[in-house]
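The next block holds one structure in the form of structure tokens; read it before the comments.
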Amino acid sequence: MSTETYTFPITKTTHSKLSYFDWDHLHFGKDFSDHMFMMEYKDGKWEQGEIIPFEHISMHPAMSAIHYGQSIFEGMKAHRTSNDDILIFRPDMNAKRFAESAERMCMPPVNEDLFVEAIRQLVKLDSEWVTKRRGHSLYIRPFMFATDELVGIRPSETYKFMIITSPVGQYYSDPLNVKIETHYTRAAYGGVGRAKAAGNYAASLYPAMLGKKEGYHQLVWTDASTNTFIEESGTMNIMFQINDVLITPDEDHDTILRGITKRSVIEVAKKWGIKVEERMITVQEVIDAVNDGTLQDAFGAGTAATIAPIAMIGFEGKQYHLPSVESRTLSNRIKTFLADLKTGRVADEFGWNLKV
Ligand SMILES: *Cc1c(COP(=O)(O)O)cnc(C)c1O
């Protein structure tokens, strides 16, 4: 990966929030560091990107992203190690996925090296926002949206690519109660489920709200045509361990977001000699495995929580209770390993961390 090939003009803030920032009361996704990255696309090319003080942006009421939804994003984290380095976990994977999302949404790709370098330089400038507090990290949010001032349906000719960062605390989620969703759908074959596109999340809110009313934390999405195959859990990928085999839906149908956490779990598990299967998995197979006691583990995988254990599955009005979270050797072991890897407590044998 290149370093320092891209240089961005920097305008430093004169009003750093650091001196009065309340680290004891972090609000996930609401607190932001001092600077942001901004780059504009027009006349068929990306202009010079720059790092500027974090501030509001103004927009035209006809800005096309608002009306027609060309808007994509990414998410990753930077961690502080005990010897005061800052590590970013696999940003090259986010760069690649961002380019793929852009292509699907008919938006101009951002050069992958530039993407990584912009993140690295932004985090370097705001390095004091990456604290050593255990479990804390700096959440990095790159995003791109259409900025044409036109109410008319066609690919926008202008875009903004921005990166903002947000200090976040230890992410703890209670073991999840999830409902197998058999009516609403997240993604269809040939649709945009594989893209990290803003509209996918808007579409999931209403069914998720209905699920919450029934007492479920999240929905498990099933395939759009038959509602029998499991796809994802909420905004995470989903993984099961049945009869010592780690099983997760394959990515062949454009309906599954290609998660970096999931990919990392697979690579670690394989290295540890655990059998992994990426294939279609039916709801019935999972229910049968719960019933006959062969289901050992089930969890969501994503950047926010890394591993979010599933405690109970609701399906056709019945509740299926999974083995206790403490008893889950595999997901607990992987969770600890990934946390140690990201914070430099174990050697980075995979070469996944980018040092800022
Ligand atoms: C972001 C996301 C994931 C997880 O991806 P990570 O790269 O592991 O954070 C999974 N599913 C959906 C729908 C997502 O948006």
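The first residue in the sequence is number 1, and the count goes up from there. Atoms within a ligand are numbered from 1 in the order they appear, just like the ligands themselves. The model shown is predicted, which means the values in this text are computed figures rather than measured ones.
Protein heavy atom nearest atom 11 (N) of ligand 1, with residue, atom name and distance: E232 OE1, 2.6 Å. The nearest protein atom to atom 14 (C) of ligand 1, hydrogens excluded, is given as K196 NZ, 3.0 Å; this is a heavy-atom distance. Given atom 15 (O) of ligand 1, the protein heavy atom at minimum distance is Y201 OH, 2.2 Å. Atom 9 (O) of ligand 1 has as its closest protein heavy atom T303 OG1, 2.6 Å. Closest to atom 8 (O) of ligand 1 among all protein heavy atoms lies T261 OG1, 2.6 Å. Of the protein's non-hydrogen atoms, T235 O, 3.4 Å is the one closest to atom 3 (C) of ligand 1.
Among N94, T306, I260, N237, the residue whose heavy atom sits closest to atom 7 (O) of ligand 1 is I260. Among S264, G259, A304, the residue whose heavy atom lies closest to atom 5 (O) of ligand 1 is G259.
Salt bridge status for K96 with E100: present, with a side-chain N to carboxylate O gap under 4.0 Å. R133 and D24 are joined by a salt bridge, as a carboxylate oxygen and a charged side-chain nitrogen come within less than 4.0 angstrom of each other.
Not a single heavy atom of R258 sits less than 4.0 Å from an atom of ligand 1.
Within ligand 1, counting atoms from 1 as listed, the ones closer than 4.0 Å to a heavy atom of R186 are 13 (C). Per-residue contacts place M236 under 4.0 angstrom from the following atoms of ligand 1 (heavy atoms of the residue considered): 10 (C), 11 (N).
Distance alone, capped at 3.5 Å, is enough to place a donor-acceptor pair between the N200 side chain and the V192 backbone. The backbone N or O of T226 sits less than 3.5 Å from a side-chain atom of D223, completing a donor-acceptor pair.
Ligand 1 has no nitrogen or oxygen under 3.5 angstrom from a nitrogen or oxygen of L257.
Put simply, I334 and V346 are part of the same group of oily side chains (I, L, V, M, F, W, Y) that touch within less than 4.5 Å, one to the next.
Residue pairs meeting the ring-ring contact (aromatic ring centres under 6.0 Å, His included) criterion with at least one partner in residues 313-344, sequence neighbours excluded, are W272-F337. Residue pairs meeting the ring-ring contact (aromatic ring centres under 6.0 Å, His included) criterion with at least one member in residues 202-242, sequence neighbours excluded, are Y184-Y206.
Contacts of R97 with ligand 1, taken as heavy-atom pairs under 4.0 Å, involve the side chain alone.
For the atom pair Q284 CD and I230 CD1, the distance stands at 10.0 Å (nearest 0.5 Å).
Between Y189 and H253, the ring centre distance stays below 6.0 Å.
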